[in-house]
Number of protein chains: 2
Amino acid sequence: MRNDKAPTMADIARKTGVSPMTVSRAFKSGSLINKDTRDAILKAAEDLGYVFDSTASNLRSQKTGFIAVTIPSINNANFADTVRGLSELLSAHGFQILLGYTNYDTEEEERLIEQFLRRKPQAIVVTGGKHTPRARKLLENANVPVIETWDVPAEPIGHFVGFSNADAVRSMVDHFVAAGYTRIAFIGGDASRDTRGSDRRLGFIAALSDHGLDASRLIDAGAPPISMREGANAMARLLAEYPDTEAVICVSDLSAFGALTECQRRGVPVPARIAIGGFGDYEIGGISVPALTTINAQARQIGERTGQLILDLIDDKPDLHHVTIEPQLIVRESSR
Amino acid sequence: MRNDKAPTMADIARKTGVSPMTVSRAFKSGSLINKDTRDAILKAAEDLGYVFDSTASNLRSQKTGFIAVTIPSINNANFADTVRGLSELLSAHGFQILLGYTNYDTEEEERLIEQFLRRKPQAIVVTGGKHTPRARKLLENANVPVIETWDVPAEPIGHFVGFSNADAVRSMVDHFVAAGYTRIAFIGGDASRDTRGSDRRLGFIAALSDHGLDASRLIDAGAPPISMREGANAMARLLAEYPDTEAVICVSDLSAFGALTECQRRGVPVPARIAIGGFGDYEIGGISVPALTTINAQARQIGERTGQLILDLIDDKPDLHHVTIEPQLIVRESSR
DNA sequence: CTACGGTGTGATAACGATAACGAGGCTAGG
DNA sequence: CCTAGCCTCGTTATCGTTATCACACCGTAG
């Protein structure tokens with residue numbers, strides 16, 4: 001069954017009595033070739049068990065069909081949605097995504113970018129706008145489109161598709177203040193690694209200050225990604241340190257749900273005694289009892305817009321694109 | 001800044017005064033080369049902004065460093081854990097994972113496999129043991145190691161690293177029966193696409209029958225993946241159709257949590273009025289109130305064992321490996 | 001002084017597809 | 001009958017790296 005060597009286009013050419021070039025054409029859609037010839041070639045290929053060799057094609061044509069993508073974590077429904085949006089569009093156009101996880105670490109991101117560039121991707125998508133100097137240099141010299149996502153970078157490397165994490169949280173603060181809450185806390189936002197989380201915390205502080213409110217109720221919950229458990233622990237600390245807190249905004253729905261469960265275990269009513277807000281509109285926030293007020297960051301849309309942008313860029317429309325997404329505040333039972 | 005053409009090894013060779021072959025050696029660890037020569041070459045490479053070209057290397061050496069992996073969904077913590085286990089081990093050895101999502105559809109899996117094989121991966125990992133005939137044939141003729149995971153296939157294509165979904169559920173049924181429950185239901189397990197879910201339901205039916213109990217309380221919850229919301233809807237139907245049910249096993253923790261929330265909304269006490277069991281040991285099951293009894297399928301271990309197996313196989317130990325994983329029953333408040 | 005093993009490097013020829021160019025056949029219009 | 005032009009296909013060279021073989025050099029043992 002297993003031949004000594006896998007058949008090549010040359011084998012098909014011999015068998016069909018045409019040149020290798022014609023075999024090549026038979027496999028490309030939209031190339032000029034007689035229908036009978038093509039059918040004969042495809043049949044011969046099937047008979048021989050031929051498998052097209054992308055590696056050779058990639059080298060000669062200088063097109064790999066790869067799109068490199070780095071995300072902080074594979075185990076996060078938000079980033080997964082972005083990748084899905086990207087993936088569905090791009091794979092329909094024959095592209096293959098090279099996915100890498102930075103683990104919220106820019107050093108790891110640098111390593112990934114270096115590895116990916118060796119594969120000659122036709123575009124590279126990164127999450128966030130903070131990178132090591134070397135990573136930045138690699139991206140700038142890469143000679144392929146670079147798209148930063150999930151952020152509005154202060155100094156974009158190339159294109160970006162994102163939103164302001166600070167402004168998004170501000171909209172939630174406004175909601176809480178309008179609802180009459182004044183003693184508001186924030187859980188999460190460790191600055192050591194996750195810039196999106198710390199941007200949210202900064203947005204929280206700025207917004208409270210603008211309202212003339214005290215912005216010192218900040219509970220650290222450890223390095224990202226923050227688990228539900230860490231959210232619960234943070235809520236326990238919050239209730240101990242600032243017992244008169246009326247509302248709390250968590251860096252994500254996951255930590256928010258963890259915080260909610262801590263209240264449930266202690267018999268603290270939500271929102272009657274304390275209101276809770278999350279971030280990311282994860283499925284759990286919509287179904288928990290009570291359901292969680294949150295912000296939909298349009299993760300999927302980020303992916304779709306990024307994918308469309310890449311298709312445009314590869315299709316040779318080399319304008320610079322700065323796409324700003326509008327996150328949506330979703331008010332649910334946990335804050336009313 | 002951007003040169004007309006990216007520098008190649010030949011450029012480095014010219015600049016350093018050595019042959020391209022020596023440049024190539026400088027980039028391979030463990031190859032015979034003078035230290036000073038190597039340092040000079042690496043410095044020249046850095047100066048020129050050289051980026052190694054894997055595509056050429058892959059073609060010549062007939063090694064791509066790719067490992068193809070298909071999973072049903074990117075947005076599932078269990079499969080994500082498996083991929084993480086795989087990824088961490090393999091990327092440390094210089095491999096790059098090609099990840100694809102079948103969306104629980106074997107037709108889509110077939111398309112993915114065909115695409116992946118063109119990239120000449122050095123191993124291919126698939127989730128589950130059910131494939132289209134053509135996909136099976138492609139895998140059999142692929143001439144690279146094939147590993148099926150998350151299942152114990154009736155007729156393995158090559159290697160596998162998995163567990164019996166039916167037996168895993170049986171252990172939970174035994175637990176419920178030992179705890180005194182007799183009117184037990186099952187939510188999920190639509191057979192149209194997800195074989196693991198339907199295997200679990202079959203295991204449920206078989207186990208109940210062995211205990212001499214009625215196994216007709218089966219609630220369909222739609223095509224996989226089953227959301228929390230669908231779990232909630234299924235619980236509503238269960239309470240309506242079989243109001244005297246004492247316990248319910250759900251196809252996953254996500255649907256189990258959804259079911260739990262439905263009980264909370266209706267004021268049905270868990271487990272006093274109805275006990276709930278899930279599957280997969282997702283984070284939510286450990287923190288919800290009450291915490292969920294579940295089965296840890298050792299998702300991460302599946303990935304790690306698969307990764308180690310691949311390393312062994314590529315390192316030329318071509319024995320056939322059938323690795324059986326032991327899922328663990330975790331009893332929590334929702335069933336006691 | 002010859003033999004020999006280890007080290008470091010170079011020359012050559014691929015790996016398998018396809019870009020670029022061009023040639024032959026055939027139809028249509030003059 | 002001739003030329004223009006389209007369709008179909010072949011020839012040649014090449015993408016950038018590396019497997020392979022060859023060989024020069026050095027030190028040491030016999």
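These figures come from a predicted structure and were not determined experimentally. Reminder, nothing fancy here: chain letters follow the sequence lines and each chain counts from 1.
- Nucleotide dT18(C) holds its C1' atom 14 Å from the CZ atom of R118(B), rounded to whole Å.
- Residue order along DNA chain D, read from the 5' end via each residue's closest nucleotide, puts Y50(B) first among Y50(B) and R25(B).
- Look at E88(B) and R300(B) and you find a salt bridge, because one of the NZ, NE, NH1 or NH2 atoms lies within 4.0 Å of a carboxylate O, short of that distance.
- When rounded to the nearest whole Å, the span between CD1 of I12(A) and P of dG10(D) equals 14 Å.
- Between dT18(D) and S24(B), a contact under 4.0 Å exists linking OP1 or OP2 to a side-chain N or O.
- Of the listed nucleotides (dT18(C), dT8(D), dT18(D)), dT8(D) has the atom at the smallest distance from the side chain of N34(A).
- Atom CG in D36(A) sits about 12 Å away from atom C1' in dT8(D), given to the nearest Å.
- In the set dA19(D), dT17(D), dA17(C), dA17(C) carries the atom at the smallest distance from any side-chain atom of T8(A).
- Rounded to whole Å, atom P of dT18(C) lies 11 Å from atom CG of L59(A).
- For dG10(D), the OP1/OP2 oxygens have a side-chain nitrogen or oxygen of T22(A) closer than 4.0 Å.
- With respect to the salt-bridge test (charged N to carboxylate O, under 4.0 angstrom), the residues R136(B) and E110(B) do not qualify.
- Nearest-nucleotide positions on DNA chain C for S61(B) and K35(B) put K35(B) closer to the 5' end.
- Distance, Q62(B) CD to dA14(C) C1': 10 Å, rounded to whole Å.
- Among the atoms of the strands shown, only primed sugar atoms or phosphate atoms (P, OP1, OP2) are found under 4.0 Å from some heavy atom of T37(A).
- R111(B) and E108(B) are joined by a salt bridge, as a carboxylate oxygen and a charged side-chain nitrogen come within less than 4.0 angstrom of each other.
- Among the nucleotides dA19(C), dT9(C), dA19(D), the one closest to the side chain of R60(B) is dA19(D).
- When the C1' atom of dA24(D) is taken as reference, atom CG of L32(B) falls 14 Å away, rounded to whole Å.
- Here V18(A) lies in heavy-atom contact (under 4.0 Å) with sugar-phosphate atoms only.
- Salt-bridge check for R118(A) with E114(A): failed, with every basic side-chain N at 4.0 Å or more from each acidic carboxylate O.
- Proximity note for M21(A) (side chain, C-beta onward) versus dA20(C), dC15(C), dC9(D): the nearest is dA20(C).
- Atom CG of D11(B) and atom C1' of dC15(D) are 14 Å apart (whole Å).
- Straight-line distance from the CG atom of D53(A) to the P atom of dA14(C): 18 Å, rounded to whole Å.
- For I33(A), the listed nucleotide lying nearest its side chain is dC9(D); candidates were dT9(C), dC9(D), dT18(D).
- A side chain to side chain donor-acceptor pair (under 3.5 Å) with W150(A) holds for exactly one of T82(A), N78(A), T306(A); it is T82(A).
- Side-chain atoms of S57(A) lie closest to dT18(C) of the nucleotides dT18(C), dC9(D), dG16(D).
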